[in-house]
Amino acid sequence: MQFSRYPSNEQEVIQFERDFAKALLAGDSTTIDSYIERDYTGSYNSFPENKQDVMSVTPSSGATVKDLEMKVNVFGTSAIATGIWELKQKNSKPTYSKFTDMLVKRKEGWKVVGSIQNAVPFWSVREALDSELVTVPAQPCETESSLKSQTAGSRTYLRIKNQTTDTLTIYWINYEGKRDPGADEIRKAAPGKDVVERTFVTHPFVVTGSSGKCYGIYTAVPQAGIVVIK
């Protein structure tokens, strides 16, 4: 069965999503009620939620919300919207959540029938500032033989800054406790340059110079981290 797409309706859905997000922040129960189907089913950070759960969300006074990278596909009277919400609270850093909403068009307008939302770290959305990163301490080079990556569960971020006059090589220590030989797992950082590892908590990295000298070993931590090699 073929469906035709209606570009004008895509803009309708985008505006609907923006109005819905603002209604949630304001605690506008009348608008929220009219925008959600009675049998709505959703989840936030893997926790299931129904319409009543959404209706009971506490208003966020002074907060603002903005959509990033929103994409909408309309298929007749159905639509899927995906993107990222940026939420800014007073005196707090922005937080981000990735969403996928399923919608249907009724006589009275669009309604959300299902939604999946998950919080995502700021570094997956935008470039991280050095000031937002925690310093990751060096481990002694002689401990390399006792180290290995443990799991691939929790994602994290590690920036390695080269402030030497040497070209650095960064090796990932894999699950066997070896410097992984894969070309995509060996990174180079010229003097004054950075390497970013979007990696997992517990994954160690060995930083060496052009002569093979070890500058240190750095294990990724839950917080987005930074290493400065001098």
Side-chain angles (χ1 to χ4, degrees), residues 43-47 66 68-69 83-99 116-230:
S43 71
Y44 186 80
N45 286 342
S46 300
F47 289 96
K66 181 172 67 174
L68 309 175
E69 305 173 8
I84 295 171
W85 292 116
E86 178 186 73
L87 177 65
K88 290 185 177 180
Q89 304 271 10
K90 283 184 177 180
N91 304 317
S92 299
K93 294 180 180 179
T95 58
Y96 302 89
S97 60
K98 183 176 289 187
F99 70 92
I116 300 171
Q117 294 199 45
N118 289 290
V120 293
F122 70 91
W123 49 261
S124 70
V125 177
R126 60 175 174 80
E127 189 67 30
L129 303 175
D130 287 356
S131 59
E132 296 176 297
L133 308 176
V134 301
T135 300
V136 177
Q139 296 169 258
C141 293
E142 55 268 26
T143 64
E144 181 177 347
S145 61
S146 65
L147 298 175
K148 64 179 179 179
S149 294
Q150 300 294 326
T151 67
S154 300
R155 292 187 177 275
T156 190
Y157 175 104
L158 181 63
R159 175 181 292 160
I160 300 172
K161 297 178 68 73
N162 183 3
Q163 293 187 355
T164 74
T165 57
D166 196 3
T167 295
L168 302 181
T169 302
I170 297 95
Y171 297 93
W172 171 50
I173 300 179
N174 62 24
Y175 301 103
E176 287 72 46
K178 306 295 183 183
R179 297 185 184 187
D180 198 281
D184 58 341
E185 300 294 353
I186 301 173
R187 312 287 295 280
K188 298 281 187 179
K193 300 296 182 179
D194 302 352
V195 162
V196 169
E197 298 285 356
R198 286 178 169 80
T199 184
F200 298 92
V201 177
T202 77
H203 285 208
F205 295 87
V206 180
V207 180
T208 68
S210 55
S211 66
K213 169 190 172 182
C214 173
Y215 281 90
I217 302 172
Y218 303 87
T219 298
V221 295
Q223 305 94 329
I226 187 170
V227 169
V228 180
I229 308 296
K230 298 181 179 181

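Worth knowing before you read on, the calculation uses all heavy atoms, side chains too, and leaves out hydrogens, waters and symmetry mates.
To the nearest 0.5 Å, atoms NZ (Lys161) and CD1 (Ile226) are separated by 5.5 Å. Here Glu185 contributes atom CD and Glu197 contributes atom CD; the two are 7.5 Å apart, rounded to the nearest 0.5 Å. Interatomic distance, CG of Asp180 versus CG of Asn174, reported as 4.5 Å (0.5 Å rounding).
In terms of modelled atom types and a separation under 3.5 Å, the side chain of Asn162 and the main chain of Lys193 share no donor-acceptor contact. For Thr202 (side chain) and Gln150 (main-chain N/O), a donor-acceptor pair under 3.5 Å exists by modelled atom type.
Residue-environment remark: CZ (Arg155) stays at or below the threshold of 12 foreign heavy atoms within 6.0 Å.
A cation-pi arrangement is present between Lys213 and Tyr215 under the rule of less than 6.0 angstrom and at most 45 degrees off the ring axis.
By the 30° and 60° cut-offs, the orientation of the rings of His203 relative to Tyr175 is perpendicular.
Pairing each heavy atom of Leu147 with each of Pro204, the nearest pair is CB-CG, 4.3 Å. In this structure, Phe122 and Ala224 approach most closely via the heavy-atom pair CZ-CB, 4.3 Å. Residues Ser97 and Gln117 approach most closely at OG-OE1, 3.5 Å, considering heavy atoms. In plain terms, the two heavy atoms of Ala189 and Ile170 that are nearest each other are CB-CD1, 4.2 Å.
Each of Thr169, Thr167, Asp166 was compared with Ser210 under the side chain to side chain donor-acceptor pair (under 3.5 Å) criterion, and only Asp166 meets it. Test Val227, Thr199, Ile217 against Phe205 for side chain to side chain contact (heavy atoms under 4.5 Å, CB included) and you get one pass: Thr199.
One finds a salt bridge joining Glu127 and Arg159 here, because a Lys/Arg side-chain nitrogen approaches an Asp/Glu carboxylate oxygen to under 4.0 Å. The existence of a salt bridge linking Arg126 and Glu86 is excluded, since no basic side-chain nitrogen approaches an acidic carboxylate oxygen closer than 4.0 Å.
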For a side chain to side chain contact (heavy atoms under 4.5 Å, CB included) check, start with the C-alpha distance between Val196 and Tyr157, then their side-chain angles and the critical distance, and finish with the verdict. CA-CA 7 Å; Val196 169; Tyr157 175 104; 3.5 Å; yes

